[in-house]
Amino acid sequence: MVTFDVGAKFTMSEASLSVTALPAFADNYIWLVDNRTCAIVVDPGDFATVDTALRQRALTLSAIVLTHRHEDHIGGVKKLVSQFSVPVYGPQSDEMPFVSHPVSEKAPLVIASLPVSFTVLSVPGHTREHLAYYAPDQQWLFCGDMLFGAGCGRMFEGTAGMMIASLAQFSALPDETRVFSAHEYTLSNLKFAQEIEPNNQDIRQRIEVETAKREKKQPTLPSTIGLEKKTNPFLRHAEETVINRLLALNKIDSKDNVSAFAAMREWKNVYR
Ligand SMILES: [Zn+2]
């Protein structure tokens with residue numbers, strides 16, 4: 001099995017943590033966080049992928065963390081729980097009865113076996129109950145399907161206003177924050193980003209960098225909030241350049257931020 005040490009390491013006193021990308025299905029990443037003894041997984045869509053990674057590294061699974069209920073994020077939970085009997089943290093939802101420890105914005109999620117705790121962000125839009133997890137000490141963000149490299153999730157159960165408010169919580173995080181999204185969509189998203197902002201040099205440069213990574217079959221993730229703010233059209237929906245471009249293309253008929261976001265999200269659904 002191919003896994004990637006993604007270079008996200010954090011050392012606090014003697015405790016050190018690292019993050020590994022476990023590729024699953026066509027383009028998912030299951031994120032494994034470990035201290036060489038214990039591990040948590042975020043959005044384990046596939047049992048075998050996680051099981052193999054734990055065995056290869058001789059890690060004990062201590063918790064499962066979920067962002068939302070889509071099958072490619074939760075598909076491995078049932079079997080993992082039957083094998084490891086660990087707490088499952090995630091949104092409170094009738095559709096996610098396997099979440100043993102529902103979490104919310106009201107309290108941080110503290111992982112007992114690892115030196116990490118998460119601020120829980122409620123970020124509806126892709127699904128109603130979608131959560132994201134921000135580790136302030138490490139500046140790591142696990143954002144499921146709400147934020148991708150140069151893109152955002154489809155708006156299945158929300159409005160443009162809701163998506164904007166959710167993504168604004170990500171933009172408000174420090175620029176250095178590393179973004180662990182759940183899919184490898186960056187290159188196709190960047191193609192769309194360039195359609196929106198043909199003269200954006202940061203987008204142009206990022207395409208070169210990310211293309212080189214993909215040619216070596218490496219993940220483009222994690223990215224950073226700073227890079228997303230410069231290259232992600234959905235975080236840039238209120239920028240003059242973006243609005244003017246959408247006006248010129250007749251995608252919107254007035255200078256309205258919410259309409260701009262909605263128009264881009266709709267266009268992206270059919271963009272090839
Ligand atoms: Zn999803």
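Side chains are part of it too, since the values below use all heavy atoms of this structure and drop only hydrogens, waters and symmetry mates. In listed order, ligands and their atoms are each counted from 1.
Nearest approach of K230 to I203, heavy atoms of both residues: O-CG1, 4.4 Å. Minimum interatomic distance between E228 and F148 (heavy atoms only, all atoms of both residues): OE1-O, 3.4 Å. The nearest pair of heavy atoms linking I30 to V42 is CG2-O, 3.6 Å. Considering every non-hydrogen atom in both P23 and F4, the closest pair reads CG-CE1, 3.7 Å.
Listed by chain and number, H68 NE2, H70 ND1, H126 NE2, D145 OD2 are the protein N/O/S atoms closer than 2.8 Å to the Zn ion (ligand 1), with waters left out.
D145 and H68 share a donor-acceptor pair across their side chains, judged by distance under 3.5 Å alone.
To the nearest 0.5 Å, atoms OG1 (T159) and CE (M163) are separated by 9.5 Å.
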